[in-house]
**Student:** 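Pasting a structure below so you can have a look.
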Amino acid sequence: MSDAPLRLAGVERRYRTEAGELPVLQGAELELQAGEIVALVAPSGTGKSTLLHLAGLLERPDAGEVFVGGRAAGTLSDDARTAIRRTTIGFVYQFHHLLPEFTAEENIILPQQAAGVARGAAAARARRLLASFGLTGREHHRPGRLSGGEQQRVAIARALANSPRILLADEPTGNLDVGTSDLVFGELLQAVRGQGVAALIATHNPALAARMDRVVTLAEGRVVAG
């Protein structure tokens with residue numbers, strides 16, 4: 001059995017609609033190795049977000065299995081799956097989803113505390129992460145006082161706060177202008193490679209996809225080489 005950080009084996013996902021069942025994923029297979037960054041490039045409506053949600057244990061497959069570190073996660077309790085998400089999986093979305101009433105530093109402290117890290121240690125790690133993304137001096141700014149690029153940097157730092165083995169990102173720079181997108185994406189790649197994280201990053205940008213280790217797409221509900 002593979003102990004890869006993430007493996008999807010024969011995953012199927014169907015949604016019920018007024019017109020009947022809608023198959024989205026049909027026997028999807030994917031394996032990510034530690035330190036590997038994979039681009040997921042596929043048209044809208046083909047199941048990119050569904051694949052990411054299944055990989056991140058936000059949804060359960062209708063068939064097949066999702067393995068995290070070699071452990072089957074499909075039959076685990078909701079509490080066990082939540083614990084894995086907190087400690088093993090980091091998420092970055094197109095929109096930062098930072099908590100507006102908290103500072104940049106506090107947004108990175110909170111997920112660490114939820115995972116049981118003492119506040120002092122969590123604050124120290126938050127400051128180190130913010131510094132690595134060029135945000136020294138912005139630690140105590142709330143999201144409303146940060147630029148779009150700065151907000152997304154904080155969101156990436158938050159995703160890496162608990163030293164996850166897996167990073168899942170859904171169009172992480174899609175809401176930024178071209179210049180800022182290129183800069184922030186470069187910082188994301190550097191941080192992920194530096195921590196040896198297995199990353200699956202959905203993007204519509206072929207130039208960004210070309211900077212990753214390999215590219216996959218979705219065709220008829222299956223994962224194929226891009």
Side-chain angles (χ1 to χ4, degrees), residues 1-94 159 164-174 188-189 192 196-226:
M1 180 67 67
S2 169
D3 63 351
L6 177 66
R7 184 167 71 91
L8 277 60
V11 168
E12 298 183 10
R13 189 73 173 99
R14 300 177 293 275
Y15 295 106
R16 291 183 175 85
T17 70
E18 292 182 357
E21 278 198 342
L22 174 66
V24 178
L25 298 176
Q26 304 181 72
E29 303 267 350
L30 179 65
E31 185 169 309
L32 298 185
Q33 300 299 327
E36 182 182 33
I37 304 175
V38 177
L40 174 60
V41 181
S44 298
T46 56
K48 287 199 310 298
S49 293
T50 296
L51 184 72
L52 290 168
H53 287 170
L54 290 169
L57 309 186
L58 295 171
E59 296 184 31
R60 294 180 187 266
D62 295 306
E65 186 57 275
V66 177
F67 294 90
V68 178
R71 182 186 185 189
T75 58
L76 296 177
S77 68
D78 288 342
D79 286 346
R81 287 161 63 89
T82 297
I84 291 173
R85 287 198 301 271
R86 283 178 177 167
T87 60
T88 308
I89 303 172
F91 296 87
V92 184
Y93 297 99
Q94 179 174 351
R165 294 188 65 197
I166 301 162
L167 181 80
L168 304 171
D170 194 356
E171 299 287 348
T173 60
L188 169 61
L189 291 185
V192 169
V197 178
L200 180 63
I201 301 177
T203 180
H204 281 108
N205 188 324
L208 296 185
R211 296 168 65 179
M212 298 186 235
D213 297 321
R214 60 186 171 104
V215 179
V216 299
T217 188
L218 291 168
E220 298 180 352
R222 296 177 181 271
V223 179
V224 297

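Predicted model, so just to flag it, every value in this text is computed and none were measured.
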**Student:** Could you check if a side-chain atom of Leu167 sits within less than 4.5 angstrom of a side-chain atom of Leu188, using non-hydrogen atoms only?
**Tutor:**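 Yes, close enough: below the 4.5 Å cut-off.
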**Student:** Set out, in order, the CA-CA distance, both residues' side-chain angles and the distance that settles side-chain contact (heavy atoms from CB on, under 4.5 Å) for Val197 and Arg165, then state yes or no.
**Tutor:** CA-CA 5 Å; Val197 178; Arg165 294 188 65 197; over 6 Å; no
**Student:** Thinking salt bridges, do Arg60 and Asp78 make one under a 4.0 Å N-O criterion?
**Tutor:**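 A salt bridge is present here (some side-chain N lies under 4.0 Å from a carboxylate O).
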**Student:** Going from OG1 on Thr75 to CZ on Arg81, what distance comes out if it is rounded to the nearest 0.5 angstrom?
**Tutor:**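 Rounded to the nearest 0.5 Å, the OG1-CZ separation comes out at 9.0 Å.
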**Student:** What closest approach, in Å, do Ala159 and Pro164 show between heavy atoms, and which atom pair accounts for it?
**Tutor:**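 Scanning both residues, the minimum pair turns out to be O-CG, 3.4 Å.
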**Student:** In Å and rounded to the nearest 0.5 Å, what is the OG1 to CD1 distance from Thr82 to Ile89?
**Tutor:**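 Thr82 OG1 to Ile89 CD1: 10.5 Å, rounded to 0.5 Å.
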**Student:** Can you see which heavy atom on Val92 is nearest to which on Pro172, and at what distance?
**Tutor:**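 Smallest heavy-atom distance, with atoms named: CG1-CB, 3.8 Å.
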**Student:** Do you know which two heavy atoms are closest between Ala199 and Val192, and how far apart they sit?
**Tutor:**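 Minimum heavy-atom separation between Ala199 and Val192: CB-CG1, 3.8 Å.
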**Student:** If the test is side-chain contact (heavy atoms from CB on, under 4.5 Å), which one of Val68, Ile84, Leu200 qualifies with Ile166?
**Tutor:**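 Exactly one pass, corresponding to Val68.
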**Student:** What's the spacing between Leu25 CG and Leu54 CG if we round to 0.5 Å?
**Tutor:**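 Rounded to the nearest 0.5 Å, the CG-CG separation comes out at 6.0 Å.
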**Student:** With the side chain counted from C-beta on, respond yes when Glu171 and Thr203 share a heavy-atom pair under 4.5 Å apart, and no when they do not.
**Tutor:**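 When only atoms from C-beta onward are counted, Thr203 and Glu171 do touch, with a gap below 4.5 Å.
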**Student:** Would you indicate whether Glu220, at its atom CD, is surrounded by more than 12 heavy atoms from other residues, nucleotides or ligands within a distance under 6.0 Å?
**Tutor:**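 No, because the 6.0 Å sphere around CD of Glu220 holds 12 heavy atoms or fewer from other groups.
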**Student:** Please tell me if the side chains of Leu8 and Leu6 come closer than 4.5 Å, counting only heavy atoms from C-beta onward.
**Tutor:**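 Leu8 vs Leu6: side chains touch.
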**Student:** If you round to the nearest 0.5 Å, how far is NZ of Lys48 from OG1 of Thr217?
**Tutor:**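 Answer for the OG1-NZ pair, Thr217 versus Lys48, is 8.5 Å.
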**Student:** Can a donor-acceptor pair be found, under 3.5 Å and without considering hydrogens, that links the side chain of Glu12 to the backbone of Gly64?
**Tutor:**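 Side chain of Glu12 to backbone of Gly64, a donor-acceptor pair under 3.5 Å: no, none is there.
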**Student:** State, yes or no, whether a side-chain contact exists between His204 and Ser44 at a heavy-atom distance under 4.5 Å.
**Tutor:**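 A side-chain contact exists here, since the closest heavy-atom pair is under 4.5 Å.
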**Student:** Rounded to the nearest 0.5 Å, what separates atom CG in Leu30 from atom CG in Leu40?
**Tutor:**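 These two atoms lie 8.0 Å from each other.
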**Student:** Between Arg222 and Gly27, which heavy-atom pair has the shortest distance, and what is it?
**Tutor:**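 Nearest heavy atoms, Arg222 then Gly27: NH1-O, 3.5 Å.
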**Student:** For a quick test of reading the model, state the closest non-hydrogen atom pair linking Val223 to Ala28 and the distance between them.
**Tutor:**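 Here Val223 and Ala28 meet closest at CG2-CB, 4.0 Å.
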**Student:** Is the shortest side-chain heavy-atom distance between Val41 and Pro206 below 4.5 Å?
**Tutor:**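 The answer is no, as the side chains (C-beta and beyond) never meet within the 4.5 Å cut-off.
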**Student:** Is the shortest heavy-atom distance from the side chain of Arg214 to the side chain of Val38 under 4.5 Å?
**Tutor:**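 Counting from C-beta outward, Arg214 and Val38 do come under 4.5 Å.
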**Student:** Which atom pair, heavy atoms only, marks the closest approach of Gly47 to Val24?
**Tutor:**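 Nearest heavy atoms, Gly47 then Val24: CA-CG1, 3.6 Å.
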**Student:** To the nearest 0.5 Å, how far apart are NE2 in His53 and CG in Asp170?
**Tutor:**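 Taking NE2 in His53 and CG in Asp170, the distance rounds to 6.5 Å.
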